[in-house]
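Chain identifiers are assigned alphabetically (A, B, ...) following the order of the sequence lines, protein sequences preceding nucleic acid strands; residue numbering begins at 1 within each chain.
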Amino acid sequence: MKRTTYAGSVDESYLGKEVVLKGWVQKRRDLGNLIFIDLRDRKGIVQLVFSQEFDADALASADTLRSEYVIEAVGKVVPRADGAVNPDMKTGKIEVEVHQVNILNKAKTPPFYIQDDINASDDLRLKYRYLDLRRPEMQRGLLIRNRITQAVHRYLDSNEFVDIETPYLTKSTPEGARDYLVPSRVYPGHFYALPQSPQLFKQLLMGAGFDRYYQIARCFRDEDLRGDRQPEFTQIDLEMSFMTAKEIQEMTEGLLKAVMKEAVDFELKTPIPRITWNEAMDRFGSDKPDIRFAMELHDMSEAVKDGGFKVFDSVLENGGQVKAIAVPEGAKAYSRKQIDAKQDYIKRFGAKGLAWVKVTEDGLQGPIAKFFKDKTGSIKAAAEAHEGDLILFVADKRKVVADSLGYLRTSIAKEMDMIDKSAFAFIWVVDWPLFEYSEDFERYIAAHHPFTMPNEEDLDLLKTDPHKCHAQSYDIVLNGYELGGGSIRIHRRDIQEQMFKALDFTKEKAEEQFGWFMEALDYGFPPHGGLALGLDRFAMLLAGKDNIREVIAYPKNSKASEPLTNAPSFVSGKQLDELFLKPEIPADAKVNKPEE
RNA sequence: GGUCCUAUGGUGUAGGGGUUUAUCACGCCUGCCUGUCACGCAGGAGAUCGCCGGUUCAAAUCCGGCUAGGACCGCCA
C-alpha cells in the first residue's frame, strides 16, 4: 500500500477521501469498543478512530497497539462532531475512521517519552538518539538547519559561487588547535591530520582562479568541548578574490539576509552595524558583544581618582583601569550575598575583587561608599547610573576588567531578564589586533590566523613593531556568540614571510611547514579574502537553543565520546599492526569508557 | 590540568542515621468502559538507593576513594 499523505498533513481538503497513512503510535486512548490512536509522522499528528461501526478487525488490532508501534492505516477522513473538535491540534477538526490497520513493527516501551519538554538526561538522550530525534522539537531544529543550508546553496549559487570540496585527510600544521591525526598505512610513522578548517585549500582555489568559492565543510579540532563547541563542527566556508573587506562583508550580509528570511522568516536590516575590536572591548568587555541590551562598561578612572580608596588608586597608578557597569534597579535585586557570589565567580578571570555601591535617595551606599561621599554626582554621571541602580566596579589590568565586567554584564542581564529573546542582534567586530600574546607559549601568536593581512597603514609596522599591527579581519557576532569570522588574506610572499618571522618561525621552519603554500603566492596570486560561519551555532541560535548538540543529529557528549556507538573505542591488534602503532598507556591513565 | 554540581523502580523525583515493607507522578501490565485527546475507573508488577571501602549496634542517609554525567576556567590560530 502506498502512503497517500503525511499524518500531519491531513486537513479538511481530504474530507470524504480515503487515505493511507504510515507512522508511529503516539498515544492510544482505549474506551472499550471505541479506540483513538494518535498517529505521528514528521509532519505532525492525526487522530485515528477505531470502532465496530467501521471495522471490527481493525478495532481488535487497535486493541493490541502500543506506543511507538509502526503502523499503516487505511481510512476515511471525516469531520469531527461539534463537541469533539480539538482546537489545540492542527488536525483537530478532522479524524480518520480506520477500516484497515497493519502493524509494520512492534516497539519496546521507550526509555523516555517521545514528546517535547522531556527532562531526560543528555546521556540517555544521546544513547537513544534515534528516539530523541523522533521528538518534534528535535526535528524542528534539524529542519531549521536544513533550511539554512538550502538557503546558503541557493544564495551563493545565484552569486556565482562555486561549491568545491577539499580534503579531509590532509597535513598537520603548527599553530591553532590540536589536530586529530590519522595514521598512514602506506607510510609507517606518518600521519594525516583532519582539517581544522579548509583555510589554505580555499586560498589556493583563489590562486586557481575560481574567484568565488564556498563549501559547507566539516572541521575538526581536538580541544575540550563546550555548549557551543564540538570536536567536529560545520562551517559555511567562503572565499572571494578581488574584493575588499567591506565588499566581503556586504556579500555576507546578503547571505545572512537570505538565510534569516528563509530559515526563520526574519527581516534582517542591513547594513549590519560595525564596531572596532577596541570599542567592543571598551564598551562591552567582550570581543563578541551581545547588543540585545545596553548596560555598557564605563570608565570610572576620573570619577574615583583620589577618593582615598587604595585599591582603585594603586591600580590607576600602575596603569590599570577602573571600570563599572550600572545595573538598572539592581540595588534591590542584588543582596550582598549574591554580589559576593559574583565576586567569587569573576576571580576565575583574574579579578581580585568586586567593589560595589548602591545608588539610593540618600546617596551611595555600601562598604566603599565612604570614600566617595563628595563624588556621588560624578560617579553617577560616569556610570550613567540612576537612583535604585547597583554599580559594580572592577579595577585591574585591561583584560581582567574586560573579562570580569563582560561576564557580569551578560550574566546579570540574563538573571534580570533584560534580554529580548525574540531578537537577532548581529554586529560586525572589525579591526582586530593581528597578534595576541600567549602566556602558554611565551610568544605572540596570530589572533586570527597567520594568513591574515595587516591593515595597509600597518605594513611598515609589521617589520619594526609587528605586535602593534591591526588586521583586516572581522567577526560576525549574533546575540553574543561568535557566528563567524574572516579576513583579507596575505597574497604576497614577502608579507607572508614577515608574518612568519613575527611569529618567531625560523626561515627553515616556515619553509618546511608552509613552503608549498608560499610557493603558490609566487605564481600570480590574486588579492582575496573570505569568511567562515559556524553552521551549528547559527542553527542553534535560530532554533532558540543554548547548546549546539540540539541541532546536531549525532553529537559527542561533553567528554567527547558518543554514547550511541560508544566511540571512540579500542581497535584490534591487527589494525594497530597494519598502522605500525603500539599504544603505550601509562598505568594511571583512564583507559575504559562506560560499558566496556 | 583545575573548580563546582549531580547520581534513588523504565523516566522524573521525595526522603539527609532506626517509625521505610523507600515517597509521589508519569509510564508499564491486567480488567471494565462508544467521543477521547494529560481519557476515566479498579487492580497489579517493577529499586539489591552508581561502585568500593570506612565510621556506627544500625548507612539510601555521615566520611573517603572511584566511576559516570553536567556546567565552568584553562584550551579552542
Worksheet item: Are any of A:R66's side-chain N or O atoms less than 4.0 Å away from OP1 or OP2 of B:rG27?
Response: no

Discussion item. Closer than 4.0 angstrom, basic N to acidic O: yes or no for A:K342 and A:E415?
Written reply: yes

Worksheet item: Between B:rG12, B:rU34, B:rG70, which nucleotide has the shortest distance from any of its atoms to the side chain of A:N119?
Response: B:rG12

Worksheet item: In whole Å, what separates the P atom of B:rG2 from that of B:rU20?
Response: 44 Å

Item to complete: Determine the interatomic distance between C1' on B:rA22 and the same-named atom on B:rC66; round to the nearest Å.
Response: 26 Å

Worksheet entry | side-chain N/O A:S558 vs B:rA71 OP1/OP2, d < 4.0 Å | yes

Worksheet item: So, A:F435 versus A:H467, ring centres under 6.0 angstrom or not?
Response: yes

Fill in: Nearest-Å distance once atom C1' is located in both B:rA68 and B:rA77
33 Å

Worksheet entry | Candidates B:rU34, B:rG69, B:rG27 - which lies nearest the side chain of A:D123 | B:rG69

Response to the item:
B:rG16 glycosidic conformation (syn if within 90° of 0, otherwise anti) is syn

Worksheet entry | Under 4.0 angstrom between A:R443 side-chain N/O and B:rA77 OP1 or OP2 | no

Discussion item. Using 30° and 60° as the class boundaries, would you call the ring planes of A:Y345 and A:Y407 parallel, tilted or perpendicular?
Written reply: parallel

Item to complete: Check whether any side-chain N or O of A:R221 sits under 3.5 Å from a backbone N or O of A:Q196 as a donor-acceptor pair, and report yes or no.
Response: yes

Discussion item. With a 6.0 Å cut-off on the ring centroids, do A:F220 and A:Y168 count as close?
Written reply: yes

Worksheet item: Quick one: does A:S197 reach the base of B:rA77 with a side-chain donor-acceptor pair under 3.5 Å?
Response: yes

Discussion item. As a test of reading the structure: which of B:rG27, B:rA77, B:rC75 is closest to the side chain of A:A446, going by heavy atoms?
Written reply: B:rA77

Worksheet item: Which part of the nucleic acid, if any, lies within reach of A:A447 when heavy atoms closer than 4.0 Å are counted: base, sugar-phosphate only, or nothing?
Response: sugar-phosphate

Discussion item. By nearest atom, which of the nucleotides B:rG69, B:rG74, B:rU11 is closest to the A:L124 side chain?
Written reply: B:rU11

Discussion item. I'd like to know if the side chain of A:R40 and the backbone of A:G44 have a donor-acceptor N/O pair within less than 3.5 Å.
Written reply: no

Discussion item. Between B:rU8 and B:rU61, how many Å separate the two P atoms, rounded to a whole number?
Written reply: 13 Å

Practice prompt. Look at the side chain of A:D224 and decide which nucleotide, out of B:rG69, B:rG1, B:rA77, has an atom nearest to it.
Written response: B:rG1

Discussion item. I'd like to compare against my own output: the B/S/- annotation of nucleotides 36-49 of chain B with a strict under-4.0 Å heavy-atom distance to protein.
Written reply: BB-B----------

Worksheet item: Below 6.0 angstrom between ring centroids: does that apply to A:F451 and A:F517?
Response: yes

Worksheet item: When you measure from the side chain of A:N547, which nucleotide among B:rG70, B:rU34, B:rA71 comes out closest?
Response: B:rA71

Worksheet entry | Salt bridge A:R28-A:D63, side-chain N to carboxylate O under 4.0 Å | yes

Practice prompt. Nearest whole angstrom, please: distance from the P of B:rC76 to the CD1 of A:I548.
Written response: 17 Å

Discussion item. Taking 4.0 Å as the cut-off, does a side-chain nitrogen or oxygen of A:R221 come that near to OP1 or OP2 on B:rC75?
Written reply: no

Worksheet, complete the sentence: From the candidates B:rC75, B:rA77, B:rU11, the one with an atom nearest any side-chain atom of A:Y113 is B:rU11

Discussion item. Of the options B:rA77, B:rC75, B:rG70, whose atoms approach the side-chain atoms of A:K559 most closely?
Written reply: B:rG70

Discussion item. Between P on B:rA77 and CH2 on A:W432, what's the gap in Å once rounded to a whole number?
Written reply: 11 Å

Discussion item. Can you identify which nucleotide, out of B:rC76, B:rG12, B:rA77, has its nearest atom closest to the A:S121 side chain?
Written reply: B:rG12

